[in-house]
Amino acid sequence: MSAPVQPPGARVETAHPEAAGYRAGRTLPLRVEAMRQLRRRRTLLMGGVLAALPFILIIAFAIGGSRINLMDVATESAANFAATSLFVSAGFLLVIPVALFCGDTVASEASWSSLRYLLAAPVPRVRLLWSKLVVALGFSLAAMVLLPVVALAAGTAAYGWGPLKLPTGGALSAGDTVPRLAIVVAFIFVSQLVTAGLAFWLSTKTDAPLGAVGGAVFLTIVGNVLDAVTALGSWRDFLPAHWQFAWADALQPQLEWGGMIKGTAVSVTYALILFALAFRGFSRKDIVS
């Protein structure tokens with residue numbers, strides 16, 4: 001008996017029975033992706049650079065030279081040294097690991113022609129992106145925590161432990177220093193979510209990791225340049241770069257939340273849009289590499 005003839009234009013549904021024991025949520029566990037990324041040479045190199053920065057600053061301060069603003073009191077205590085390390089790196093240096101971890105994660109798989117094999121495992125596309133995004137953000141946060149932790153340890157050995165002295169006068173007690181620095185790191189991480197979103201979105205659009213990483217860094221720099229254009233007036237309030245140093249309010253005798261709340265709202269809004277674009281575009285993309 002012949003099979004029934006489908007009318008022209010009719011959609012043929014094909015059954016895809018799942019293998020016994022298959023669970024989409026158990027594919028590509030976070031620990032597996034984390035170990036894969038941890039063994040990457042660029043991860044170890046970036047960790048080494050951030051860990052070496054405090055020691056480079058110690059040498060620079062020992063050699064001498066004029067200092068301004070927060071750097072006036074950089075050698076007063078370990079807390080001052082850690083705050084200065086964050087000050088000199090938050091504007092650009094900490095952008096690089098975020099762009100690297102988030103921009104390299106998907107594009108590198110495509111450049112190695114291993115992306116289609118991951119999806120054929122089968123790993124659902126949303127699960128693949130989610131695992132890679134969580135691990136990339138985790139490594140980005142670890143990079144931002146590594147810098148002040150090493151700076152506190154190196155600063156304690158070089159300058160001793162003590163209160164955080166403010167360049168405008170006054171000081172924060174040693175007991176308040178670590179919580180305030182934790183707030184600073186948390187805000188820097190949130191403010192860098194825009195760079196993370198840009199890099200991750202570009203990583204799903206290209207097979208060239210350098211293009212995704214470089215594109216995110218370039219657009220971040222463009223944001224900083226636009227923020228310097230005072231003619232834009234109040235429009236600059238909608239730029240994430242405008243609030244990137246709002247964490248300085250956490251290093252005042254009286255903690256101020258206003259600027260950090262506004263900066264967080266702007267950064268999270270942009271980041272959510274970019275992450276949504278990445279997931280939406282990747283779910284419809286033809287994977288050929």
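Note: hydrogens, waters and symmetry copies are ignored here, and every other heavy atom, side chains too, is used.
Cluster annotation: V268 and I183 are assigned to the same hydrophobic cluster (Ile/Leu/Val/Met/Phe/Trp/Tyr, side-chain heavy-atom contacts under 4.5 Å, transitive). Under the 4.5 Å side-chain heavy-atom criterion for ILVMFWY residues, a single connected hydrophobic cluster contains both L226 and I273. Hydrophobic clustering (side-chain heavy atoms under 4.5 Å, transitive across Ile, Leu, Val, Met, Phe, Trp, Tyr) groups V150 together with L86. With hydrophobic clusters built from ILVMFWY side chains whose heavy atoms lie under 4.5 angstrom apart, W257 shares a cluster with F189. Hydrophobic cluster membership is shared by F187 and I261, with clusters built from Ile, Leu, Val, Met, Phe, Trp and Tyr side chains linked at under 4.5 angstrom.
The aromatic rings of F279 and F200 sit tilted relative to each other, their planes meeting at an angle between 30° and 60°. Between F87 and W247, the ring-plane angle classifies as perpendicular under the 30° and 60° cut-offs.
Remark: side-chain polar atoms of T195 are not paired, donor with acceptor, to backbone N or O of V95 under 3.5 angstrom. Using a distance-only test at 3.5 Å, with no hydrogens or angles considered, no donor-acceptor pair links the side chain of S203 to the main chain of A199. The closest donor-acceptor contact from the side chain of T204 to the backbone of F282 lies at 3.5 Å or more, if one exists at all. With hydrogens and angles disregarded, no donor-acceptor distance shorter than 3.5 Å links the side chain of T206 to the backbone of L202.
Within 6.0 Å of atom CG in L255, more than 12 heavy atoms from other residues, nucleotides or ligands are found, so the atom counts as buried in its surroundings. For CH2 of W161, the number of neighbouring non-hydrogen atoms (other residues, nucleotides, ligands) closer than 6.0 Å is greater than 12. The neighbour count for W243 CH2, taken as heavy atoms of other residues, nucleotides or ligands under 6.0 Å away, is above 12.
When all heavy atoms are compared, the tightest approach of L239 to G223 is CD1-O, 4.2 Å. In plain terms, the two heavy atoms of L172 and P253 that are nearest each other are CD2-CA, 4.0 Å. Of all the heavy atoms in L251 and A83, the pair that sits closest is CD1-CB, 4.0 Å. Minimum heavy-atom separation, I96 to M46: CG2-CE, 3.6 Å. Residues C102 and T105 come closest through the heavy atom pair O-CG2, 3.2 Å. Nearest heavy atoms, A90 versus F245: CB-CE2, 4.3 Å.
With contacts defined as side-chain heavy-atom distances shorter than 4.5 Å, the pair L94/L147 qualifies. Under the 4.5 Å side-chain criterion, counting only non-hydrogen atoms from C-beta, T177 is not in contact with P163. Proximity of F101 to S140: side-chain heavy atoms (C-beta onward) are separated by under 4.5 Å at one or more points. Using a 4.5 Å heavy-atom cutoff, the side chains of V190 and M260 are not in contact. Side-chain atoms of F139 and Q37, non-hydrogen and from C-beta on, do get closer than 4.5 Å to each other. Contact annotation: the side chain of L53 approaches that of S89 to within less than 4.5 Å [non-hydrogen atoms, C-beta and beyond]. Between L129 and F275, every side-chain heavy-atom pair lies at or beyond the 4.5 Å cut-off. Side-chain contact between V229 and R236: absent, with no pair of heavy atoms (C-beta onward) separated by less than 4.5 Å.
In this structure, CG in L193 is found 10.0 Å from CG in L141, a value given to the nearest 0.5 Å. Note: L44 CG to R42 CZ = 9.5 Å, rounded to the nearest 0.5 Å. Summarising the geometry, atom CZ belonging to R31 is positioned 15.0 Å from atom CG belonging to L38; distances are rounded to the nearest 0.5 Å. Rounding to the nearest 0.5 Å gives a distance of 8.0 Å between CG of N80 and NZ of K165. If you take CD1 on I56 and OG on S85, they are separated by 10.5 Å, rounding to the nearest 0.5 Å. Considering CG of L137 and CD of Q192, their distance stands at 11.5 Å, rounded to 0.5 Å.
Every pair tested for side-chain hydrogen bond (donor to acceptor under 3.5 Å, both in side chains) that includes a residue from residues 261-278 fails, sequence neighbours excluded, so the list is empty.
Evaluated for a side chain to side chain contact (heavy atoms under 4.5 Å, CB included) with F218, the options I221, V222, T220 yield exactly one hit, V222. Screening I58, L164, T75, T156 for a side chain to side chain contact (heavy atoms under 4.5 Å, CB included) with F81, the sole residue that qualifies is I58.
For the 3.5 Å distance criterion, the side chains of S173 and D176 qualify, holding a donor opposite an acceptor. Looking at Q252 and R180, their side chains never bring a donor and an acceptor atom within 3.5 Å of each other. Using modelled atom types and a 3.5 Å distance limit, the side chains of N224 and Q244 yield a donor-acceptor pair.
By the salt bridge (Lys or Arg N to Asp or Glu O under 4.0 Å) test, R40 is found to be paired with D104, residues two or more places apart in sequence or in another chain being considered.
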The test is side chain to side chain contact (heavy atoms under 4.5 Å, CB included); show your working for L93 and L50 and say whether it passes. CA-CA 9 Å; L93 181 60; L50 291 174; 4.1 Å; yes
